[in-house]
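This report concerns only the one structure given below.
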Amino acid sequence: MNIIFEESPKEVADSATGFDLFQDRSIVAIKVNDELRDLSHKLSDGDTVIGVSIDSDEGLSILRHSAAHLMAQAVQEIFDPAKLGIGPPIKDGFYFDFDVEEPFKPEDLKKIEKRMKELVGKSQRFVRREVSDEEARELMKNEPYKLELIGLKSADVGEGAAEVGAGTLSVYENINPDGTIAWMDLCRGPHLPNSRTVGKSFSLLRSAAAYWRGNENNKQLQRIYGTAWPTQEQHDAHLERLEEAAKRDHRKLGVDLDLFSFPEEIGSGLAVFHPKGGVIRRVMEDYSRKRHEEAGYEFVYSPHITKSNLFEISGHLQWYSDGMFPPMKLDAEYADDGTLKRQGQDYYLKPMNCPFHILIFRSRQRSYRELPLRMFEFGSVYRYEKSGVLHGLTRVRGMTQDDAHLFVSNEQLESELTNVLDFVLGLLRDYGLNDFYLELSTRDPENPKFVGSDELWERATSTLESVASASGLQLVPDPGGAAFYGPKISVQARDAIGRTWQMSTIQLDLNLPERFDLEYVGSDGERHRPIMIHRALFGSIERFFGVLTEHYAGHFPPWLAPVQVVGVPIADEFGDYLQKFADELRSHGVRIEVDHSDNRMQKKIRDHTMAKVPFILLAGARDQEAGTVSFRYRDGSQENDISLADARIKILKAINDKTQV
RNA sequence: GCCGACCUGGCGCAAUUGGUAGCGCACCGCUCUUGUAAAGCGGGGGUUACGGGUUCGAGUCCCGUGGUCGGCUCCA
């Protein structure tokens, strides 16, 4: 018969499979007419076939999926009974969920990993068998979770849809060289041909509970996460990346560099910034203020608490009361007989700033001449985040948003959105983030939670989309991800080690202008409803602080660094020389110190390098005579014999230009 | 919120089968200082997260509370 093989016609035997096409062992599966298949898949006349290399994204997923199977086999051999949940490949690895009597312990993972490596050596073939629903039920009769999936087929199994596909069901059997079946699982496939192909470049990382089918009303299963790679080098490199990420962890750097802490006495998710962190934060905020002022924003201020009525009007109490701190009940008075003498008031900590800004807008009649009206505030908000989700500075209960609300007319919407996006990206770049993509969150037309008319959503969404496309950045759709009150664009930034963080959001609000009955008078003398844009740039200062800390691994560029320069005299007697220079720089606003301690010079260099000070300036006799200093940087490099005048320029320029050193 | 693990001086770690807390760094003092990542000596500092319980005796065992970590769910 004839097939199209790697884009060229080829004649093959009638019974040919993928195995007949490839000698190359790195080809681990095939794509037949654009569908992934096992190498053992029997080809048909006219098929278009290409090989899937283990290095490709699809090949890696297959490797990881097979590794997950191997793990499940090992777990079921060691732990009886262990019922199978789902076991898909994920980024860099895989997981598998099990219903076991006891949660896994770290030693258990070692045992399982050891058994997996033995299974690799057993050279079991992974063989696909298509089965009817009845057969599948019979084969999986002891696997209650699998039986549930058989009933569901591909309907919403979530990311674990690897078990069941759209068509017929299939099982994969792990078959020993002697032909006996060692293990089997309900699975859509495809898989590697053989356990040997999985290799030994994998490891199990951690175990944790996970709700069955991702629903918190369901039972929690025990999930084991692992990572798997084609080669040991790639595997080791991945573990090194994890270590690198751990070194950058802002929670660790926050302690090491004395930036902030979360005193237990205050409460979970409530941070205090220490003087060194305070400098960074103040500089971040000052620069943001300056840029907002230049961009035509007006600064407003609002209190941290409010009577409940405001959040009733805004709808926050209706939609988000679970996420709000409970109310303070004030002012109620009771008579001796217990009857109410005076009606009390509930006051709430604010979870959002928008209702306050709206009240400012509504405080008087507004004219079209005032639009676009841009209100900006570093507004502190409090959200009752569930205890399990708190995470350093990136998920807290008290935070300060760099929040702005823009009130615009219909005609101004597109141009203002374009301005905002430009503004946001420009500012993020100034803080050192350069690699962005956009996400467009739209509504799910089936879901009734979204308020507002179809036309309004339609227009808002298409406006956001055209603005996003015009930016030239990659645009990723996020269907159903919109807030109930409007669609949004979010800016995702990649940091220095390639992780992505959701930064800014630009969100249209079709709800609040209605609820607060906002109006302005147009040039036609008629009343019109403004459109409202919510916009946070950092998201929250705390979170952005955390992200920048990790992005820079604590090596803040000079303009942000808490201490920008430290002078280290070669010996005591040169302290005055450096101090004089330091005093001069300080008068230019440079955060500079001279280390007059009685440590030896080498020790001082070590201390300030570890404190990640951008510039260390050394001076000894030679320098004092010549009027020079020498620079030492955080990476250990040095520049000697720099004249004081040049040194001054160099330092001031790095600070003013916001460059990294 | 759920599941699991963890909590020892500021930080990182020790403490045999339960026998009444040690080390390094940091800090303080003294001595010493000459060219690019740790000078020497001495000193102070912990009711072992908190509250109960078991025991002759608890950092070690049990229960509760708080907090942290890893996930899940959530994230206006």
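So that the names make sense, note that chain A is the first sequence line, chain B the second, and so on, each numbered from 1.
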Any donor-acceptor pair, under 3.5 Å, between the side chain of [X] and the base of [N], if you only look at N and O atoms?
X	N	answer
Gln638(A)	U36(B)	yes
Arg600(A)	A38(B)	no
Asp258(A)	G10(B)	no
Tyr211(A)	G1(B)	yes

Nearest-neighbour nucleotide for the [X] side chain, [options] considered:
X	options	value
Arg632(A)	U73(B), U34(B), U36(B)	U36(B)
His316(A)	G1(B), C25(B), A76(B)	A76(B)
Arg622(A)	C30(B), C72(B), G35(B)	G35(B)

| query | Which whole number of Å gives the distance between the P atom of U60(B) and that of U20(B)? | reply | 14 Å
Original post:
Does a side chain donor of either Glu593(A) or His608(A) reach within less than 3.5 Å of an acceptor in the other side chain?
Top reply: no
* To do: Say whether Glu148(A) and Trp212(A), considering side chains only, have a donor N or O and an acceptor N or O under 3.5 Å apart.
  => yes
Would you list the protein and nucleotides 3-7 of chain B atom pairs, both N or O, that sit under 3.5 Å from each other?
residue: C3(B); atom: O4'; partner: Gln220(A); partner atom: OE1; Å: 2.3
residue: C3(B); atom: O2'; partner: Gln222(A); partner atom: NE2; Å: 3.3

Whether each nucleotide of nucleotides 61-68 of chain B has a protein heavy atom under 4.0 Å at its base (B), only at its sugar-phosphate (S) or at neither (-) is summarised, 5' to 3', as -----BSS
Tell which nucleotide pairs with [N], taking only Watson-Crick or G-U wobble pairs whose two distances are both under 3.5 angstrom.
N	answer
C75(B)	none
U36(B)	none
G4(B)	C69(B)
G12(B)	C23(B)

**Report entry** Earlier contact from the 5' end, RNA chain B, for Gly481(A) and Asp249(A)
**Finding:**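 First, find each residue's nearest nucleotide; the 5'-ward one identifies Asp249(A).
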key: Non-neighbouring partners of Tyr347(A) that pass ring pair (Phe, Tyr, Trp, His ring centres under 6.0 Å), sequence neighbours left out   =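 Ring pair (Phe, Tyr, Trp, His ring centres under 6.0 Å) check on Tyr347(A) returns nothing, list empty.
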- Given side chains that start at C-beta, do those of Phe556(A) and Thr549(A) come closer than 4.5 Å, heavy atoms only?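 They are in side-chain contact.
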Exercise. In whole angstrom, what separates Arg206(A)'s CZ from G71(B)'s C1'?
Worked result: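 To the nearest whole Å, that distance equals 8 Å.
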*asked:* By the 4.0 Å heavy-atom rule, please label Asn640(A) as base, sugar-phosphate, or nothing.
replied: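 Contact class for Asn640(A): base.
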